[in-house]
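Keep in mind the model is a prediction, meaning the values are calculated, not measured. Computed from heavy atoms alone, side chains included, the values below leave out hydrogens, waters and symmetry copies. Throughout, a chain's letter reflects where its sequence line sits, starting with A, and its residues are numbered from 1.
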Amino acid sequence: MSVVASIKQAAAAAVQALYQQPFTAADVSVNTTKPEFEGEYTIVVFPFTKFSRQKPEETAQTIGTWLAANHPGLVAGFNVVKGFLNLSIHDQTWTAFVQGAHHNALVGQQPAKGQKVMVEYSSPNTNKPLHLGHLRNNFLGFSVSEILKANGYEVIKANLVNDRGIHICKSMLAWQLFAHGDTPESTGKKGDHLVGDYYVHFESILRDQSEPIISRVLEGDFSDFDGEQHERITKLHTALHKPEFMANVEKAAQIRKEIKHLARNVSEETKEIISRVIEKRDFSDFEADAKIRIGQLLAELTPQVKADEEKAEKIHDEIKELSRNRTEIMAQAKIMLQQWEAGNPEVRALWQTMNSWVYEGFEATYKRLGINFDKMYFESNTYLLGKDVVEEGLRKGVFFKKADNSVWIDLTADGLDEKLVLRGDGTSVYITQDIGTARLKYDDYQMNQSIYVVADEQNYHFKVLKLIMQKLGEPSADGIAHLSYGMVELPHGRMKSREGTVVDADDLVEEMVTTAARYTEELGKVKDFTEEELRELYETIGLGAMKFFLLKVDPKKKMVFNPEESIDIHGFTGPFIQYSHARIRSILREFSAGDMLALESYRHTDALLPMEKELIMINEQFGDVLAEAGREMSPSVIANYAFLLAQTFNSFYAKKESGKYTYSVRDAESEDKRKLRLQIASLTANTIRQSMKFLGIRVPERM
RNA sequence: GGACCGGUAGCUCAGCUGGAUAGAGCAGCUGCCUUCUAAGCAGCAGGUCAUUGGUUCGAAUCCAAUCCGGUUCACCA
């Protein structure tokens, strides 16, 4: 049991004994003591005053006395400040802990709980290579899996590959039309990138073909459309041409144009300047005389004008979408999808060939990232699942049929909407598959929990999925959990493939590793390393920096990926922690295996110095931190902890008094102190290594 | 419009199951390498915790309202 847990338990016992109140350890609030007061942990006694019927100070005094008398091994002393009971923990508690834990290479690992958890993550599409957004997903999924394992769960890492559908056909079609038989071998290109290039090629043809259709629509010529779509297009066109609406849209465009003109001489993205001034009223990009004019312009940009501008944009988007669907190349892609579903041998063969290229590419990327899976699922095998479950649901009355034969569930009582689960023609929608796949996974593993690592834009989807499964009475239902994470944005905003701002995963990794190599060479501390050792070190540092950067932020928050900061090696970064580890290892290298072995029977009995105590204390919290990270499914908890630990060790290491290192290991003031500090150093190195391992990050012996 | 998420230092983020004077990192400014790795350490400066009200011994944290930003509410996946 952790020290904090022991304190809570003892405090609860104190309250029970002194006031005869049913108080549990969970009701006790314990904080680390503020540095300006004596002690390590503090019990907040305000909640006890209710039944002590004494002032907070007196209550604290009473409880402190009881604790010191009944738990002398834990509480060596105490002091009271207002309602805060500051406890000085007995040094023996700390020295016993270091003695027991310092050599444990698997520190933190909990015994098996006998529970199974599936973590589904990565889930790439086979039409494009991985990008920055996938990296957050992959690192999160992997790290959460490791954290859960450390907490004693049996974890199944699953990857559900999206290997079918219209987007896959797009790459296939473009390859067929334009590749002249190119392969990864013939071009020397990584398979996933080759296929991705043809996806991009398809999109550019699609753009070329849809532009004339869009122009015709804007000119009032709807001859490309028929039926319902013709009606819809007509409506959109009419909406766009309402006189007052048009006037507002034009006005907004004029205002933006003039702002842009006024800011011309500033050497920066004009788009950013415009958004700064419009969204944030930040005038810093303009000359004093221009500011008056800008003020006038902003006043003209009324909410109505802005709303119309936005609405116009939406209408244009819809026209664009409808037009894209009327192109020749889109029609061809749709035919190909039908052929695929019908099992056309030629299409299936092409599909298999191209997918195999992609898998080879993904395999290489996963390997470099250090990511793996226990179970692969493929949508081509699962996309038809779920229909039978829908049938069952219909019979049970969970679902209902509409006039056009489509099947729905009514979730309005749960605050949601009606949701379609099967189309009128009997074909599946996205959620149909997920219903079927959830059952399949459960049949395969009977896990207690099933975690989906998926971006937060799908929060609604997973809420619906869980509700449906619960209403169906599926045994897997209550274990479904959505580990929802925020989007990764770039300093100028979201990544957009249309604007070419998508950050490719392979490129990014390469850049990180190259930068790590440059820093390392500049410092020149590992000149004796072999080629192979250097290569591995660069990978460790480069990937460490990137993983740490993406994992240090709370998953549920969206994050900004700043390329410059991500490759930084100072401060709250992966390399800082790796460096701290390497530094400790270099201390430990001076001692023999025999020296280290002798530590196991050693327990320090002298008083502990402040930073010795502090370091042991932080190390001792690792178990609680790990449990919290598991509970919250949040690697950032570990990242913050690892940084605190490394930082504290660095202070311990560098602390000097009158020109001498206060906490020197090698030149310790006594043999006993040397042994103690060796234990502390060894423990800290192990805890750092383990916490980084749970983030999927390796730590070097030297750097 | 409904639902959900977010708003903390110039920037990026901790803290949010209520607790003491709100913390890091980066950027800026000062110092510290003949001594276990300076990818480091010590320090200075920087805050109406979006706003307003409420709950109470105590609110960045809980509740309500408002403002701002995002996501979603597809017979897309």
Under 4.0 Å, heavy atoms only, any strand: does [X] hit a base, just the sugar-phosphate, or nothing?
X	result
A:Asp27	nothing
A:Tyr430	base
A:Leu422	nothing
A:Val44	base
A:Thr573	nothing
A:Val560	sugar-phosphate
A:Lys656	base
A:Glu701	base
A:Gly659	base
A:Asn640	sugar-phosphate
A:Phe84	base
A:Thr49	nothing
A:Tyr663	base
A:Lys655	nothing

Can you tell me which nucleotide in [options] comes closest to the side chain of [X]?
X	options	answer
A:Gln433	B:U37, B:A77, B:C73	B:A77
A:Lys558	B:A20, B:G70, B:A77	B:G70
A:Arg423	B:C36, B:C76, B:C4	B:C76
A:Glu565	B:A77, B:U12, B:C73	B:U12
A:Asp404	B:U12, B:C36, B:C75	B:C75
A:Ile587	B:A77, B:C4, B:C36	B:C36
A:Met559	B:A3, B:U21, B:C13	B:C13
A:Arg666	B:C36, B:A77, B:C4	B:C36

Ring centers of [X], [Y] separated by less than 6.0 Å:
X	Y	answer
A:Trp340	A:Tyr383	yes
A:Phe23	A:Phe51	yes
A:Phe576	A:Phe548	no

Would you tell me if any nitrogen or oxygen in the side chain of [X] comes within less than 4.0 Å of OP1 or OP2 on [N]?
X	N	answer
A:Arg494	B:U71	yes
A:His570	B:G40	yes
A:Lys557	B:G7	yes
A:Arg583	B:A38	yes
A:Tyr653	B:A38	yes

With rounding to whole Å, what would you report as the distance between [N] and [M] at their [atom1] atoms?
N	M	atom1	answer
B:C13	B:G6	C1'	13 Å
B:A9	B:A50	C1'	15 Å
B:G46	B:C67	P	34 Å
B:A22	B:A14	C1'	11 Å
B:G10	B:A3	C1'	35 Å
B:G47	B:G31	P	24 Å
B:G15	B:G69	P	26 Å
B:C49	B:C44	C1'	23 Å

Heavy-atom distance under 4.5 Å between the side chains of [X] and [Y], does that happen here?
X	Y	answer
A:Val429	A:Arg423	yes
A:Leu588	A:Leu678	yes
A:Met559	A:Phe549	yes

For [N], give its Watson-Crick or G-U wobble partner with both distances under 3.5 Å, or none.
N	value
B:U61	none
B:C41	B:G31
B:G1	B:C73
B:C49	none

Between atom [atom1] in [X] and atom [atom2] in [N], what is the gap in whole Å?
X	N	atom1	atom2	result
A:Ile584	B:C41	CD1	P	12 Å
A:Ile409	B:C75	CD1	C1'	17 Å
A:Ile567	B:U12	CD1	C1'	15 Å

>> Between A:Val637 and A:Pro47, which residue's closest nucleotide on RNA chain B lies nearer the 5′ terminus?
In response: A:Val637
>> Assuming nearest nucleotide by heavy-atom distance, tell me which of A:Asp456 and A:Val45 is located more 5' along RNA chain B.
In response: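 First, find each residue's nearest nucleotide; the 5'-ward one identifies A:Val45.
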Using 4.0 Å as the upper bound for N to carboxylate O, is an ion pair formed by [Y] and [X]?
X	Y	result
A:Lys128	A:Glu203	no
A:Glu521	A:Arg518	no
A:Arg53	A:Glu58	no

>> Would you say A:Thr662 and A:Glu657 are linked by a side-chain donor-acceptor pair, where the criterion is simply a distance under 3.5 Å?
In response: yes
> Regarding A:Ser171 and A:Asn127, is there a side-chain donor-to-acceptor distance under 3.5 Å anywhere?
Replying inline: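 Distance-only check fails for A:Ser171 and A:Asn127.
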> Syn or anti for B:C33, taking syn as within 90° of 0?
Replying inline: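 Syn conformation for B:C33.
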> Does A:Tyr579 stack onto the base of B:G40, taking stacking as ring centres under 5.5 Å apart and planes under 30° apart?
Replying inline: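 A:Tyr579 ring does not meet the centre or angle cut-off for B:G40; no stack.
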> Do A:Phe37 and the base of B:A20 stack face to face, with centres under 5.5 Å apart and an angle between planes under 30°?
Replying inline: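 Answer is yes, a stack.
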>> Whether the side chain of A:Asp417 and the base of B:A74 hold a donor-acceptor pair under 3.5 Å is what I'd like checked.
In response: no
>> Does anything in residues 642-652 of chain A come within less than 4.0 Å of RNA chain B? Heavy atoms only, and list the residues if so.
In response: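 Output list: A:Phe643, A:Gln647, A:Asn650, A:Ser651.
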Side-chain polar contacts of residues 634-649 of chain A - donor-acceptor pairs under 3.5 angstrom, sequence neighbours left out - could you list them?
from     : atom 1 : to       : atom 2 : distance (Å)
A:Ser634 : OG     : A:Ser636 : OG     : 2.9
A:Asn640 : ND2    : A:Ser636 : O      : 2.9
A:Tyr641 : OH     : A:Ile618 : O      : 2.7
A:Thr648 : OG1    : A:Leu644 : O      : 2.7

